[in-house]
Amino acid sequence: MRTGNEEVSRVLETVADLLEVLGGEEARKAAAYRRAARSVRALDEDVADLHEAGRLTEIPGVGGALARKIGELIESGRLAYHERLAAEVPPGVLDLLRLPGVGPRTAGLLWRRLGVEDLETLEEAARSGSLRKLPGFGPKKEAAVLEGLAALRRRSGRIPLGEARPAALALVDLLSAVPGVTAVSPAGGVRRWCETVESIDIVAGVEEPEGLQGPAAGNGPGDARSPEGAGRAGGPGGSVAARVAGIVRDLPDVTEVLQVARDRVRASLRSGVEVDVRLVPARLYAGALRHFTGSREHNESLQKRAASMGLALGPEGVLEKGGRSRPARSEEEVYSELGLAYIPPELREGRGEVEAAAEGRLPRLVELSDIRGDLHVHTDWSDGHLSLEGLVEAARARGYEYVVVSDHSRSLAVTGGLDEERLLAQKDAIEELNRRLAEEGPAEEHGAGPFRLLAGVEVDILPDGRLDLPDGVLAEMDVVTASVHSALRQPGERMTERLVGAAKNEHVDVIGHPTGRLLGRREPSALDLEGLFEVCARTGTLLEINASPERLDLKDTDARLAKDMGCRFTVSTDAHHARALGDMVYGVATARRAWLEPGDVANTRSLADLRRLLR
DNA sequence: GCCGTTTTCGGCCCGACTGTTTTCAGTCG
């Protein structure tokens, strides 16, 4: 497995953190490492390919020294410089950075002055009152630290889908190449596209060697509450598990690969997340996949329904009462035998989907192929890495009909946000590019007309509630998204006023990432969401489902509530480079978890229909 | 450690907010 861009980027970022925690002269270098880390993350090419071609120094912010270090990392998977720095700092000190308001400087100070080595010792220091004796600390910071620790504990043991899913897919790839493995899939939270998961679950079907086949029923299959009962690799007894253990013994390849794969996945993840690979005999695969995918609530609903029909439901499939039964050949079959329409994994949460399936009123969920354009993308006019031309190319490659350029506005200075003048200049550039595209003729993918770049903006909602650009300019734009990027911790009332004020502005089409949360890193702003939804439903202002796996904002349950209140949505990536356009899958999955249909999502529309909606 | 010249060192995306200060450091976006 090659060292990927993400991993290189993460090591460089960690080096930067360590340098700043250690302080002193070397800390100056940190900014250089961070810049390089960002560049590598934004690369569309594989950093390993660049290394092979000797082109690493073409990456902005990478000179000779960093090129050598990145090369070392790619070739050996390790970086001696990183290991040397890490050895100087207790490992728990870097965990302190996960607290809002604690940066590397503060972490270094806590460690050197108070001997704080990890989150636990920090909590002790906060509770004993020794924290506020530190320069720059007072009662408020102490309270913020304790609150941050509490928030961290609430989400401990869970990792964001954006980390879990790639790890799960890598594991699936490894396993599917093993002889004897007939089918393999993620299950559990990853398959349901939960925003965070506490374990990575994989189900793999394994060929049964001669002589081991036997009836599946009557063996006391595990129930939904204790999935371990059904043949978790290397797990405890039970006859299904025992049979699996027998198979595994005959297939040393599998156990070996499993061990390697599991270690690798664990190592690639920050926290000690569980990785459970369930090996099942091939003919039990479909039933097991169903069993290990649904939430406990979903599985319990199914079991209740089975019981009410005089049936039982186990990991193999639907069983006739007291009798044996053949294992399910597909998930569809299980649902059908229970008199239910097929329930897609994203809905298997125990939120009314079983009842809906029974009554034939499951939604026709929006799909990735319904999406005709991305309404929130950044370019190199602000902090994105794509040129306008590059954006067109990347969006066309995804089969889109249109894409909205929505760069930041002036107040977000660090992003090079656009003022009125530059925004209008960008609009001219977009129109010029559209003229050229029109001459080229219709985009082949759809034939409905030439690909169109739309002129938009992500205008900042300022701390006082005003928008960062005058109405006159906003009126000129095709699509205006209004978002909060500063003062995210204002009291709920003020935050709500800011967002409601923006939603009421006639030029604002979309409220971007409404709660401002960052999964695993930043809590959502205090906000009266229902109040906001009410206004959006009335004014027709769209709510964004930000597809970046760091955000997923709105989240599934909030979006479902908003839909029930009459709101409509956009699903957009907020991409800052070409690869991030691919995050759309996360946004669509979140929309599906919110029970959204194509009609609920503005960017499933043709350009003409979209324009009509926005008017 | 990078970069871009002022070619061999000195600056380093920028402004606001926060909690702490009594003039500012650190964090954040």
Side-chain angles (χ1 to χ4, degrees), chain A residues 11-13 15-40 42 56-70 79 81-82 85 96-110 113 131-148 378 380-385 407-419 458-464 466 468 483-491 494-495 498 512-513 516-518 521-523 525 546 548 550-551 553 574 576:
Chain A
V11 172
L12 296 178
E13 197 79 53
V15 168
D17 287 340
L18 288 166
L19 285 168
E20 280 197 84
V21 166
L22 285 163
E25 284 302 298
E26 297 285 283
R28 300 245 78 177
K29 295 183 198 166
Y33 275 85
R34 283 193 209 289
R35 175 159 143 77
R38 265 199 312 277
S39 294
V40 170
L56 283 176
T57 52
E58 289 175 22
I59 302 170
V62 175
L66 272 171
R68 275 190 299 280
K69 290 193 166 78
I70 293 172
L79 179 58
Y81 182 56
H82 168 229
L85 292 173
L96 305 180
L97 302 179
R98 296 164 66 196
L99 293 166
V102 176
R105 294 259 155 91
T106 307
L109 192 69
L110 288 165
R113 296 280 288 271
L131 208 55
R132 48 171 100 183
K133 292 184 192 118
L134 224 50
F137 271 81
K140 288 211 179 168
K141 266 211 145 150
E142 181 187 278
V145 162
L146 287 170
E147 171 49 36
H378 295 272
D380 56 9
W381 282 66
S382 68
D383 62 344
H385 295 259
D407 277 309
H408 292 287
S409 59
R410 184 186 49 90
S411 285
L412 223 50
V414 64
T415 66
L418 276 52
D419 59 15
E458 182 179 20
V459 62
D460 237 58
I461 303 172
L462 300 172
D464 64 5
R466 285 178 308 120
D468 195 25
S483 317
V484 169
H485 293 102
S486 58
L488 293 111
R489 300 264 73 87
Q490 285 178 342
R494 298 256 329 114
M495 286 303 300
R498 287 166 77 185
H513 46 71
R517 73 169 182 170
L518 293 177
R521 287 193 284 142
R522 188 169 68 206
E523 297 292 303
S525 295
N546 190 291
S548 164
E550 305 209 308
R551 293 187 183 270
D553 182 13
D574 201 353
H576 286 68

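Labels below follow one simple rule: chain letters A, B, ... track the order of the sequence lines, proteins then strands, and each chain is numbered from 1.
Among the atoms of the strands shown, none is found under 4.0 Å from any heavy atom of A:Ser486. If you check every strand for non-hydrogen atoms under 4.0 Å, A:Lys29 touches a base. As judged by a 4.0 angstrom heavy-atom cut-off over every strand, A:Ala65 is placed among residues touching the sugar-phosphate backbone only.
The CG atom of A:Asp468 sits 14 Å away from the C1' atom of B:dC14 (whole-angstrom rounding). In this structure, A:Lys133 places its NZ atom 15 Å from P of B:dT20, rounding to the nearest Å. Note: CZ (A:Arg68) to C1' (B:dC2) measures 13 Å, nearest angstrom. The distance between atom NE2 of A:His576 and atom P of B:dC13, rounded to the nearest whole Å, is 17 Å. Rounded to whole Å, the distance from OH on A:Tyr33 to C1' on B:dC13 is 20 Å. One atom, CG of A:Leu18, and another, C1' of B:dG1, lie 16 Å apart when rounded to the nearest Å. For the pair A:His485 NE2 and B:dC14 C1', the interatomic distance rounds to 16 Å; values are reported in whole Å. One atom, CD of A:Glu20, and another, P of B:dA25, lie 15 Å apart when rounded to the nearest Å.
The local environment of CZ in A:Arg466 is sparse, with at most 12 non-hydrogen atoms from other residues, nucleotides or ligands closer than 6.0 Å. Counting non-hydrogen atoms of other residues, nucleotides and ligands closer than 6.0 Å to CD of A:Glu550 gives a total of 12 or fewer.
Between A:Leu110 and A:Phe137 the shortest side-chain heavy-atom distance falls below 4.5 Å.
Pairing for B:dT8 is absent, judged as Watson-Crick or G-U wobble with the two contacts each under 3.5 Å.
Between A:His513 and A:His485, the ring-plane angle classifies as perpendicular under the 30° and 60° cut-offs.
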